[in-house]
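Indexing begins at 1, ligand by ligand and atom by atom, following the structure's order.
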Amino acid sequence: MTSLTDIPALDRALEALGTRCLVLVGMMGAGKSAVGRRIAPLLNLPFIDADQAIVEAAQMPIADIFETYGEPEFRRLEMRVLVRLLSGEQRVIATGGGAFLSTETRNLIARKGRSVWLKADLETLFGRVRHKSHRPMLQTPDLRERLSALLEEREPVYALADLTVISRDVKCEQTVADVLQAMAGEPVMPEHGPDADAEKEKNDG
Ligand code: S3P
């Protein structure tokens with residue numbers, strides 16, 4: 001793969017983004033922060049992790065916010081932080097996995113940003129989050145079952161994002177390149193794009 005800064009899609013991606021924020025959405029473990037952190041310098045924009053901004057605003061870890069105040073209060077805080085982030089300077093924002101579920105937040109993102117859903121399948125997500133115990137939404141003895149239920153509930157909503165890019169166990173740089181390509185309006189390689197599974201089924205007969 002050539003260096004990411006050589007990617008011709010970069011200029012077109014920037015042009016398509018205009019002055020809006022790039023907002024990464026999707027499940028826990030989809031790679032929003034990893035991709036956001038890498039793509040931001042390429043776009044010459046600052047990166048912000050919304051979860052991190054919430055922790056700073058609340059002065060406590062996310063698990064403690066859930067435990068002390070409950071999920072509804074966390075969601076209110078998440079919304080307030082996103083309003084602030086989206087109203088400020090142009091940037092790349094990695095949202096928490098539940099943020100895009102709120103209609104209000106989605107509308108705001110639609111107005112101020114360009115959203116990209118990093119779509120990962122159950123096994124990919126499971127593999128990535130299984131050893132990470134800090135997420136309050138995943139405190140359950142049956143992690144795969146919980147992820148599966150969340151995916152079923154959330155995927156139709158994530159699908160409302162402006163763009164969809166598949167996140168698999170490839171190098172993060174590849175996913176970054178795929179996002180830039182999708183932003184530029186160029187077809188993503190079938191094995192990386194959203195139709196990869198359908199394509200595979202077709203090929204497998
Ligand atoms: C959540 C995802 C987390 C964090 C919180 C709730 C969710 O963010 O916002 O624990 O509801 O999916 P990540 O997606 O960055 O893990």
*Indicate the atoms forming the closest heavy-atom contact of Tyr69 with Met60, along with that distance.*
CE1-CE, 3.6 Å
*Side-chain heavy atoms of Met27 within contact of Leu151, under 4.5 Å*: yes
_Check: Gly29 main-chain N/O paired with Arg128 side-chain donor or acceptor under 3.5 Å_ = yes
*asked:* Going by salt bridge (charged side-chain N to carboxylate O under 4.0 Å, His left out), Glu78 matches just one of Arg75, Arg80, Arg76. Which one?
replied: Arg75
*Got a sec, which residues hit salt bridge (Lys or Arg N to Asp or Glu O under 4.0 Å) with Glu67, two or more places apart in sequence or on another chain?*
none
Exercise answer, ligand 1 polar atom pairs (N/O) under 3.5 angstrom:
from: ligand 1; atom 1: 8 (O); to: Asp51; atom 2: OD2; distance (Å): 2.6
from: ligand 1; atom 1: 9 (O); to: Asp51; atom 2: OD1; distance (Å): 2.8
from: ligand 1; atom 1: 9 (O); to: Asp51; atom 2: OD2; distance (Å): 3.4
from: ligand 1; atom 1: 11 (O); to: Arg75; atom 2: NH2; distance (Å): 2.6
from: ligand 1; atom 1: 11 (O); to: Arg154; atom 2: NH2; distance (Å): 2.8
from: ligand 1; atom 1: 12 (O); to: Gly98; atom 2: N; distance (Å): 3.3
from: ligand 1; atom 1: 12 (O); to: Arg154; atom 2: NH1; distance (Å): 2.7
from: ligand 1; atom 1: 12 (O); to: Arg154; atom 2: NH2; distance (Å): 3.4
from: ligand 1; atom 1: 14 (O); to: Lys32; atom 2: NZ; distance (Å): 2.5
from: ligand 1; atom 1: 14 (O); to: Gly97; atom 2: N; distance (Å): 2.8
from: ligand 1; atom 1: 15 (O); to: Asp51; atom 2: OD2; distance (Å): 2.9
from: ligand 1; atom 1: 16 (O); to: Arg135; atom 2: NE; distance (Å): 2.7
from: ligand 1; atom 1: 16 (O); to: Arg135; atom 2: NH2; distance (Å): 3.3

*Is there a side-chain contact between Leu122 and Arg144 (heavy atoms, below 4.5 Å)?*
yes
